[in-house]
Amino acid sequence: KAGVTQTPRYLIKTRGQQVTLSCSPISGHRSVSWYQQTPGQGLQFLFEYFSETQRNKGNFPGRFSGRQFSNSRSEMNVSTLELGDSALYLCASSLDSGSAKQYFGPGTRLTVT
Amino acid sequence: DAKTTQPTSMDCAEGRAANLPCNHSTISGNEYVYWYRQIHSQGPQYIIHGLKNNETNEMASLIITEDRKSSTLILPHATLRDTAVYYCIVRAITGTASKLTFGTGTRLQVTL
C-alpha cells in the first residue's frame with residue numbers, strides 16, 4: 001500500500017505571496033492532519049480534516065487554511081506569506097478521526113524569502 | 001494530554017540496546033503511551049504504543065512501569081539508521097481530534 005504523499009517537496013516563495021500544499025493520504029484513510037515544524041517551535045499541530053470537515057484547529061492565524069476533498073486528499077493554503085512561515089509542513093493520515101496512530105508524509109519544505 | 005519529560009540527548013554504540021526513558025507522572029487511566037521517531041528531515045514514524053502491559057513489535061519494545069508514571073522504549077540492537085529524534089507522547093487512543101502534541105524529544109545518536 002502506498003504511503004502518504006505530499007507535493008511539492010520543496011517550494012520557494014516570496015513574502016506576501018500565497019501557497020497551496022497537497023497531501024494524498026494512505027488509501028482508505030479518512031483523516032488528514034497537518035503539522036508545521038520549525039527549529040524554534042518544533043512540531044505544531046495546524047488542523048485536521050475528516051469527511052471534508054475541519055475537526056480541530058491549532059493555534060495559528062487565519063492565514064492558514066485547508067480543505068479536504070471527497071477522496072480524502074487534502075490541501076492547505078497559506079496566504080500573505082511571512083518569513084516566519086518558512087518551515088517543514090507535514091501531513092499525516094489515519095483511518096479515522098481521533099486516532100493517535102498516524103502515518104506521516106515526507107513533508108513539504110517551504111522557504112519564504 | 002499528559003505532559004512528558006525526556007532527556008535531551010543520548011548516545012548508543014551500534015549493536016547495543018538503546019534504552020530511551022520517558023516520564024509521564026500525570027498520565028490518566030485512559031491514556032496510552034505512544035512513541036514516534038523522526039529521522040533527519042523526514043516525517044515522524046510511528047514506532048509502538050501501550051497502555052500498561054509491555055509491548056513488543058518488529059521495531060522495538062515498550063516497558064511501562066506498574067504505576068504507569070514512566071516508560072522505556074528499547075531498541076534491542078541499535079544501528080546507525082536508528083539515529084533520530086524519539087518522541088514520547090501520552091494521549092487517549094481515540095479522541096475528538098487526531099492532534100498529537102510533540103515535545104522536544106530525545107536525540108539518539110548511534111555511533112560505531
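To find a chain, count down the sequence lines: A is the first, B the second, and so on, and within it residues start at 1.
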What distance do Phe47(A) atom CZ and Lys99(B) atom NZ have between them, rounded to the nearest 0.5 Å? 13.5 Å
Hydrophobic clustering (ILVMFWY, side-chain heavy atoms < 4.5 Å, transitive) - are Phe64(A) and Leu88(A) grouped together? no
Closest heavy-atom pair and its distance - Phe45(A), Leu100(B): CB-O, 4.4 Å
Is it possible for you to say whether Met10(B) and Leu112(B) belong to one hydrophobic cluster, with membership spreading through side-chain heavy-atom contacts below 4.5 Å? yes
Taking C-beta and beyond as the side chain, do Leu90(A) and Pro44(B) meet within less than 4.5 Å on heavy atoms? yes
Closest non-hydrogen contact found for Arg91(B) with Gly98(A) is NH2-O, 2.6 Å
Could you name each residue pair satisfying disulfide (SG to SG under 2.5 Å) that touches residues 48-77 of chain B, not counting sequence neighbours? none
Group every Ile, Leu, Val, Met, Phe, Trp and Tyr by side-chain heavy-atom contacts under 4.5 Å, then state whether Ile12(A) and Leu83(A) land in the same group. no
Inter-residue atom distance Tyr46(B).OH - Ser94(A).OG, 0.5 Å rounding: 13.0 Å
Sequence neighbours excluded - salt bridge (Lys or Arg N to Asp or Glu O under 4.0 Å) pairs with any residue from residues 73-93 of chain A: Arg63(A)-Glu82(A), Arg63(A)-Asp85(A), Arg67(A)-Glu75(A), Arg73(A)-Glu75(A)
When you look at CG of Asn57(B), are more than 12 heavy atoms from neighbouring residues, nucleotides or ligands closer to it than 6.0 Å? yes
Going by disulfide (SG to SG under 2.5 Å), name the pairs with one or both residues in residues 58-113 of chain A, residues two or more places apart or in two chains. Cys23(A)-Cys91(A)
Output the residues of residues 27-38 of chain A for which the shortest heavy-atom distance to chain B is under 4.5 Å, in residue-number order; output 'none' if no such residue exists. Ser31(A), Ser33(A), Tyr35(A), Gln37(A)
Out of curiosity, Lys101(A) NZ to Ile47(B) CD1, how far, rounded to the nearest 0.5 Å? 12.5 Å
Verify same cluster id: Leu80(B), Ile74(B) (apolar side-chain graph, 4.5 Å): no
Co-membership, hydrophobic cluster, residues Leu73(B) and Val90(B), 4.5 Å side-chain: yes
Any idea which heavy atoms bring Ala100(A) and Tyr34(B) closest together, and the distance? CB-CZ, 3.3 Å
